[in-house]
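One structure is given here, and the rest of the page talks about it.
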Amino acid sequence: MKIIKLGILIILAGFLTACNDSNQGSAEERTSITLANWSQPIVEQTNLLVEEEKGFFEKEGIDLTLIPGNGGQDALKTMLSGHADIAFTDPGAVYSALAQGEDLVIIYTVYPQNVFNVVTNDASSISSIDDLKGKRIGIYSRASGTYHNLLVLLHEAGLSEEDVDLIETGIANFAPLLQKEVDATAATDTALVPAEREGLTNADIFEVRDYLNIPSDFFVVTRSTFEENKETLQAFVEAYEESAAWMIEEADEAAQLASDYAIDGREQDLNKGIIELRNAASLDENGELGEMNMDIIQKGADAYYELGLISEQLEMEDYIENIKEQ
């Protein structure tokens, strides 16, 4: 597997080149797929990062390339610009793109559980979401799920973006919180683990799932990619599920390998804590991977419209295909 930066990407591997009927073989026989990721190579995605060693996608005849990103919207833009075949992105980015006329297809629910939250520091005097008014709040970026989910939480308190001071902090979004440069930060459950290790104490944590428990991330393609390449997308999803199942069953090994492959894989026990959280988010309420819950995804779209986060009502059944059943 290759991990590439978009800024230095000069020649892109073509999508769906020379599929091999046996699903194995030389590099020339495998299909090249480029996945636009919402993040940099981090511990919670160890199952994707260890492809060179484990070969989950190679076994399905796929030569996988990852493009790191800076949020779900960033990943989606990378795909829509033609630089990637599949986007690893959040529902807010998908709803927004659909409302603006993009024709997308959700092919897989990566994390059925909403993992976003807002975390305070111990000196912020924030004890409820109403207290966020006038406060400095860190977000990963405005192209990320941290931003969209923060807006959902603010709306629950009758607030909007104009009522707070948003600060884009990047992937290290807990450092400003620990240094008291912000009063709260919008993050995910896995980001909270190292923050507590580094000294975050007495923090209030507001879970977005308590207000809107929609999935955190999807795999998304354009309509044309879906229509033209269903078999290869099925192989991609099957390979991903094999990698996710491995990380669930072999969390200790994954934590060890994360130290070699993830930019934040500093300590094996810390890695394992992050991996276990992400493993839990990968399963739906029935313990299944990748299930496409139409009702919940529709509920999210309706909520985003009602909150004014998108300008058009969406019928999500038009944009969801359970490729595992095709």
Side-chain angles (χ1 to χ4, degrees), residues 36 38 71-81 86-118 129 132 139-164 166 186 206-227 230 233 281 284-285 290-326:
W38 67 266
Q73 285 187 343
D74 190 37
L76 202 54
K77 288 178 181 177
T78 298
M79 184 195 72
L80 290 172
S81 68
I86 304 172
F88 185 170
T89 185
D90 64 274
V94 176
Y95 296 148
S96 179
L98 291 174
Q100 294 174 39
E102 298 291 350
D103 194 7
L104 305 174
V105 178
I106 300 170
I107 62 170
Y108 190 81
T109 301
V110 184
Y111 306 129
Q113 309 298 330
N114 192 318
V115 301
F116 291 95
N117 53 41
V118 171
I129 58 175
L132 293 172
I139 55 173
Y140 186 23
S141 76
R142 280 181 169 79
S144 74
T146 59
Y147 172 64
H148 294 129
N149 281 276
L150 172 63
L151 295 183
V152 170
L153 200 63
L154 290 174
H155 188 272
E156 290 296 321
L159 304 174
S160 69
E161 181 175 348
E162 288 70 32
D163 294 309
V164 298
L166 292 188
F206 304 106
E207 303 282 358
V208 179
R209 65 170 172 258
D210 292 338
Y211 303 92
L212 186 63
N213 191 23
I214 58 173
S216 297
D217 286 287
F218 299 126
F219 288 139
V220 179
V221 297
T222 62
R223 178 76 57 183
S224 60
T225 293
F226 174 77
E227 295 295 346
K230 292 180 183 180
L233 293 174
D284 70 2
E285 59 186 11
E291 291 303 301
M292 306 284 278
N293 189 316
M294 185 81 71
D295 291 340
I296 291 177
I297 297 172
Q298 182 64 56
K299 181 180 179 181
D302 294 342
Y304 270 63
Y305 176 72
E306 292 166 5
L307 297 177
L309 300 178
I310 57 175
S311 59
E312 301 289 337
Q313 287 188 299
L314 301 170
E315 293 295 332
M316 292 307 298
E317 64 180 356
D318 296 336
Y319 307 104
I320 297 173
E321 296 284 352
N322 192 343
I323 202 162
K324 294 197 297 181
E325 297 179 356
Q326 298 187 12

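Keep in mind that this is a model prediction, so the values were computed, not measured.
When every heavy atom of Pro215 is checked against every heavy atom of Pro91, the shortest pair comes out as O-CG, 2.9 Å. Summarising the geometry of Gln298 relative to Met316, their closest heavy-atom pair is OE1-N, 2.8 Å, with the distance given to 0.1 Å. When every heavy atom of Glu156 is checked against every heavy atom of Ile129, the shortest pair comes out as CB-CD1, 3.8 Å. Of all heavy-atom pairs spanning Pro112 and Ala281, the tightest one is CD-O, 2.9 Å. For Gly72 against Ala93, the heavy-atom pair with the smallest separation is C-CB, 3.8 Å. For Ala87 against Ala75, the heavy-atom pair with the smallest separation is CB-O, 3.9 Å.
With respect to Lys77 and Glu102, no salt bridge is recorded, no charged nitrogen being found less than 4.0 Å from a carboxylate O.
Leu154 has its side chain within reach of Leu132: a pair of non-hydrogen atoms, C-beta onward, lies under 4.5 Å apart. Considering only heavy atoms from C-beta on, Phe218 comes within 4.5 Å of Val94 through its side chain. Leu104 has its side chain within reach of Leu98: a pair of non-hydrogen atoms, C-beta onward, lies under 4.5 Å apart. By the 4.5 Å heavy-atom criterion applied to side chains, Val164 and Leu166 are counted as neighbours. A heavy-atom distance below 4.5 Å is not found between the side chains of Thr109 and Asp284. Contact check for His155 versus Tyr211: no side-chain heavy atoms found under the 4.5 Å cut-off. Looking at heavy atoms from C-beta onward, Val152 lies in side-chain contact with Tyr304 at the 4.5 angstrom threshold.
In this structure, Phe219 has its ring center under 6.0 Å from that of Phe88.
Interatomic distance, CD1 of Ile296 versus CG of Leu212, reported as 10.0 Å (0.5 Å rounding). Note that CD of Glu285 and CG of Asn213 are 9.5 Å apart. Values are rounded to the nearest 0.5 Å. One distance of note links CG of Leu76 with CD1 of Ile86; it measures 13.0 Å at 0.5 Å rounding. Between the CG atom of Asp302 and the CG atom of Asp295 there is a distance of 10.5 Å, given to the nearest 0.5 Å. Annotation: the span from Tyr108 atom OH to Glu291 atom CD amounts to 8.5 Å, rounded to 0.5 Å. Taken from OG1 in Thr146 to CD1 in Ile139, the straight-line distance is 5.5 Å, to the nearest 0.5 Å.
For Asp103, the salt bridge (Lys or Arg N to Asp or Glu O under 4.0 Å) partners two or more places apart in sequence, or in a different chain, are Arg223. For Lys299, there are no salt bridge (Lys or Arg N to Asp or Glu O under 4.0 Å) partners two or more places apart in sequence or in a different chain.
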Begin from the C-alpha positions of Gln113 and Arg209 and carry the test side-chain contact (heavy atoms from CB on, under 4.5 Å) through to its verdict.
CA-CA 8 Å; Gln113 309 298 330; Arg209 65 170 172 258; 5.6 Å; no

Please determine whether side-chain contact (heavy atoms from CB on, under 4.5 Å) holds for the pair Ile323 and Phe226, giving the CA-CA distance in whole Å, both sets of side-chain angles, and the decisive distance to 0.1 Å.
CA-CA 9 Å; Ile323 202 162; Phe226 174 77; 4.0 Å; yes

How far apart are the C-alpha atoms of Leu150 and Val118, what are their side-chain angles, what is the distance that settles it, and do they pass the side-chain contact (heavy atoms from CB on, under 4.5 Å) test?
CA-CA 7 Å; Leu150 172 63; Val118 171; 3.7 Å; yes

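At least one donor-acceptor pair closer than 3.5 Å links the side chain of Ser81 to the backbone N or O of Thr78. Formation of a donor-acceptor pair under 3.5 Å by the Ser216 side chain with backbone atoms of Val115 is found in this model.
A donor-acceptor contact closer than 3.5 angstrom links the side chains of Gln73 and His148.
For the side-chain contact (heavy atoms from CB on, under 4.5 Å) criterion with Trp38, the lone passing option out of Asp217, Asp74, Asp90, Thr89 is Asp217. Of the listed residues (Asn114, Ile297, Val208), just one forms a side-chain contact (heavy atoms from CB on, under 4.5 Å) with Ile214, and that residue is Asn114. Considering Val221, Leu233, Thr225 as possible partners of Val105, the one that fulfils the side-chain contact (heavy atoms from CB on, under 4.5 Å) test is Val221.
Heavy-atom contacts from other residues, nucleotides or ligands closer than 6.0 Å to CZ of Arg142 number more than 12.
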